[in-house]
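Beneath this line is the structure, given in structure tokens, with notes to follow.
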Amino acid sequence: MHSELLGHEINNLDLRVMAVYGAVSRGEKFENALKAYDLTEEQYNDNINRVLSASA
């Protein structure tokens with residue numbers, strides 16, 4: 001993850017949520033994506049709508 005390139009524009013949790021979303025969109029299994037980006041399903045579910053609406 002290259003969060004250092006974004007400075008403080010996007011917090012680390014949001015970057016990881018977006019990474020899981022992207023990985024799943026590319027065909028990765030949801031469980032594997034969560035593990036790869038060190039998120040729980042609860043963290044993802046609690047934040048995905050907020051993150052997606054902020055990027056729209």
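- Side-chain contact between Val17 and Arg50: absent, with no pair of heavy atoms (C-beta onward) separated by less than 4.5 Å.
- The side chain to side chain contact (heavy atoms under 4.5 Å, CB included) test with Glu42 singles out one residue from Asp46, Leu39, Asn45, and that residue is Asp46.
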Name every donor-acceptor pair, under 3.5 Å, that has one atom in a side chain of residues 22-29 and the other anywhere in the protein, sequence neighbours excluded.
unit_1	atom_1	unit_2	atom_2	d
Ser25	OG	Tyr21	O	2.9
Arg26	NH1	Gly22	O	3.2

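- Take Gln43 and apply the side chain to side chain donor-acceptor pair (under 3.5 Å) test, not counting sequence neighbours, and it matches Thr40.
- When all heavy atoms are compared, the tightest approach of Tyr37 to Arg16 is O-CD, 3.2 Å.
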